[in-house]
Enquirer: 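This is the structure I have questions about; it appears just below.
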Amino acid sequence: MNYFLNEEQKMILELARKIAQEKVAKVAAKLDETEEFPWEIIKTLASVDLMGLYISQEYAGFGGGIFELCLAVEELSRACGGVAVSYSANALGSYPIILFGKDEQKKKYLTPIAKGEKLAAFALTEAEAGSDAGSIKTKAAPSGDYYILNGTKQWITNGGEADIYTVFAITDKSRGSRGASAFILEKGWDGFSFGKKEKKLGIRCSATRELIFEDCRVPKENLLSKEGMGFIIAMKTLDNTRPAVAAQALGIAQGALDEALKFAKTRIQFGHPITYFQAVQHMLADMATQIEAARALTYSTAKMIDQGEKDFSKESAMSKLFASDTAMKVTTDAIQIMGGHGYMREYPLEKKFRDAKITQIYEGTNQIQRNVIALELIKQSQKKF
Ligand code: COS
């Protein structure tokens with residue numbers, strides 16, 4: 001399929017592909033085993049200016065958007081889903097500032113992120129606030145020139161590794177989700193510490209930790225937008241970044257198809273490579289078709305966002321839903337084609353299968369995506385008729 005990339009987009013794709021093939025693929029299995037954060041790769045990405053792809057040139061970024069981010073995430077993910085999410089969680093942490101930051105906040109925080117000097121993270125989830133993001137309990141109480149934060153965030157990607165955190169906390173309990181506010185926090189501040197690194201099924205080299213706030217003093221100038229805007233900031237951020245999860249899923253699926261096809265062409269059974277058999281051919285055909293459909297949906301959504309469309313919650317949720325379900329299906333079938341080989345850790349497929357699962361869960365489970373799609377569908381149909 002030709003997506004008519006411009007020269008800059010072709011360059012981004014080729015650069016990300018080269019790094020994925022030459023640097024990431026070689027260490028993916030080792031990083032999975034050691035669960036070591038991929039700092040070397042992040043430094044390489046920074047050295048070729050890929051860390052600030054979606055940040056405006058005014059703040060030292062490349063000036064691209066979600067589409068460019070998706071191109072890079074997809075390529076990295078073809079080689080390793082864990083590396084890809086460490087890269088894209090940086091965007092997730094940056095987007096509240098990109099969308100709602102004041103100029104001084106953007107200058108101070110986006111510039112080092114764009115240069116790859118600092119890494120960002122997004123902290124919304126809590127032990128009792130996963131799908132129900134409106135029920136967070138972390139509190140931010142005003143006190144002079146500061147807010148005092150108390151509470152714990154759970155399962156924060158890039159937690160402990162990142163320097164800059166966009167954190168959501170309640171400033172007015174009586175207003176429900178409308179009482180939430182968003183803040184920018186820095187690693188190292190008094191009263192801000194981290195829990196242990198979680199052990200995960202997949203994306204193992206990425207860091208997932210608790211963030212613990214104990215009377216953490218946050219300067220008032222680090223409030224994003226206004227008090228009470230936190231939930232909207234979180235929702236708008238997720239609308240923007242869900243296509244990047246779709247791109248991660250797409251990359252995992254494409255990587256799995258690449259492996260299965262390579263194997264099937266050389267695996268001889270009953271006197272033929274197994275690509276000779278229609279049962280295998282049909283599985284390969286379905287995998288390729290689903291991947292291309294997911295890519296078309298994801299790229300169209302990313303372009304819709306970058307073109308400045310106002311309303312894209314539905315399309316964003318659709319991309320994430322369809323691409324992540326595709327990744328799960330394709331990695332399952334890729335293992336089936338490779339049989340026992342696919343199941344063995346000697347081959348990269350079992351890791352891709354483990355990495356795929358999280359894409360159906362984070363940045364909103366696929367059940368939440370279906371809720372978002374259905375509600376938007378109903379809302380839009382009421383507007384039309
Ligand atoms: N953009 C802008 N505003 C939005 C919005 C969006 N995408 N989604 C909701 N809002 C607004 C609503 O319009 C409503 O505004 P008012 O207070 O003015 O009426 C407010 O936010 C509350 O919306 P709603 O009542 O729909 O919120 P719910 O508590 O029912 O939650 C879901 C809605 C389930 C969609 C939300 O909690 C969600 O996305 N959950 C998943 C969270 C998630 O992705 N977690 C992963 C964290 S990052 S790994």
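Note that ligands are numbered from 1 as they come in the structure, with each ligand's atoms numbered from 1 the same way. We use all heavy atoms of the structure for the numbers below, so side chains are in, but hydrogens, waters and symmetry mates are not. For reference, positions follow the sequence shown, starting with 1.
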Enquirer: State whether any protein heavy atom lies less than 4.0 Å from atom 26 (O) of ligand 1.
Expert: no
Enquirer: Without hydrogens or angle criteria, can the side chains of T301 and S319 be said to hold a donor-acceptor pair below 3.5 Å?
Expert: yes
Enquirer: So, applying salt bridge (charged side-chain N to carboxylate O under 4.0 Å, His left out) with D32, which one of K200, R354, K352 is it?
Expert: R354
Enquirer: Hey, are Q360 and K320 close enough side-chain-wise for a donor-acceptor pair under 3.5 Å?
Expert: no
Enquirer: Can you tell me if G176 has a non-hydrogen atom under 4.0 Å from ligand 1?
Expert: no
Enquirer: Flag the pair K262 and D258 as a salt bridge only when some basic side-chain nitrogen lies within less than 4.0 angstrom of an acidic carboxylate oxygen.
Expert: no
Enquirer: Ignoring hydrogens, what is the shortest heavy-atom contact between I184 and V218? Give both atom names and the distance.
Expert: O-CG1, 4.1 Å
Enquirer: Yes or no, since that's all I need: does a protein heavy atom fall within a distance strictly under 4.0 Å of atom 14 (C) of ligand 1?
Expert: no
Enquirer: Report yes if some N/O of Y362 lies less than 3.5 Å from some N/O of ligand 1; otherwise report no.
Expert: no
Enquirer: Output the list of atoms in ligand 1 that are nearer than 4.0 Å to some heavy atom of G130, sorted by atom number.
Expert: 42 (C), 45 (N)
Enquirer: To the nearest 0.1 Å, how far is atom 46 (C) of ligand 1 from its closest protein heavy atom, and which atom is that?
Expert: G364 N, 3.5 Å
Enquirer: Please report which non-hydrogen protein atom sits nearest to atom 5 (C) of ligand 1, along with the residue it belongs to and the distance in Å to one decimal place.
Expert: M235 CB, 3.5 Å
Enquirer: With a cut-off of 4.0 Å, which atoms of ligand 1 are near a heavy atom of I232?
Expert: 3 (N), 11 (C), 21 (O)
Enquirer: Check the orientation of F194 and Y165. Use parallel for under 30°, tilted for 30 to 60°, and perpendicular for over 60°.
Expert: tilted
Enquirer: Side chain, backbone, both or neither: which part of S131 has a heavy atom under 4.0 Å from ligand 1?
Expert: backbone
Enquirer: What residue and heavy atom of the protein are closest to atom 47 (C) of ligand 1, and at what distance?
Expert: T125 OG1, 3.5 Å
Enquirer: Below 4.0 angstrom, N of the basic side chain to O of the carboxylate: do K10 and E7 qualify?
Expert: yes
Enquirer: Name the closest protein heavy atom to atom 18 (O) of ligand 1, giving the residue it belongs to and the distance to 0.1 Å.
Expert: R178 NH2, 2.7 Å
Enquirer: Find all atoms of ligand 1 within a distance of less than 4.0 Å from any non-hydrogen atom belonging to S313, and give their numbers and elements.
Expert: 7 (N)
Enquirer: State whether any protein heavy atom lies less than 4.0 Å from atom 30 (O) of ligand 1.
Expert: no
Enquirer: Got the closest protein heavy atom to atom 48 (S) of ligand 1, with its distance?
Expert: F122 CE2, 3.9 Å
Enquirer: Report, in ascending order of atom number, the atoms of ligand 1 lying under 4.0 Å from any heavy atom of I368.
Expert: 34 (C), 40 (N), 41 (C)
Enquirer: Going by a strict under-4.0 Å cutoff (protein heavy atoms only), does atom 11 (C) of ligand 1 have a neighbour on the protein?
Expert: yes
Enquirer: Between Q9 and E68, does any side-chain donor sit less than 3.5 Å from a side-chain acceptor?
Expert: yes
Enquirer: If the cut-off is 4.0 Å to any non-hydrogen atom of A133, which atoms of ligand 1 fall inside it?
Expert: 37 (O), 42 (C)
Enquirer: Give the residue and atom name of whichever protein heavy atom lies nearest to atom 35 (C) of ligand 1, and the separation in Å to one decimal.
Expert: V372 CG2, 3.9 Å
Enquirer: Write down the atom of D355, the atom of G82, and the distance for their closest heavy-atom approach.
Expert: OD2-N, 4.1 Å
Enquirer: Is a donor from one side chain sitting under 3.5 angstrom from an acceptor on the other, for Y109 and D163?
Expert: no
Enquirer: Polar contacts were defined as any N/O atom of the residue lying under 3.5 Å from an N/O atom of the ligand; does this apply to R242 and ligand 1?
Expert: yes
Enquirer: Can we say R209 and E161 salt-bridge, meaning some charged N sits less than 4.0 Å from an Asp/Glu carboxylate O?
Expert: yes
Enquirer: Distance to 0.1 Å, residue and atom name: give those for the protein heavy atom nearest to atom 24 (P) of ligand 1.
Expert: F231 CE2, 4.5 Å
Enquirer: What closest approach, in Å, do I19 and L45 show between heavy atoms, and which atom pair accounts for it?
Expert: CD1-CD2, 3.9 Å
Enquirer: For atom 1 (N) of ligand 1, which protein heavy atom lies nearest, and how many Å away is it?
Expert: D239 OD2, 3.8 Å
Enquirer: Below 4.0 Å, non-hydrogen atoms only: which portion of L238 touches ligand 1? Side chain, backbone, both or neither.
Expert: side chain
Enquirer: Under 3.5 Å, is there a donor on one side chain and an acceptor on the other for N90 and N158?
Expert: no
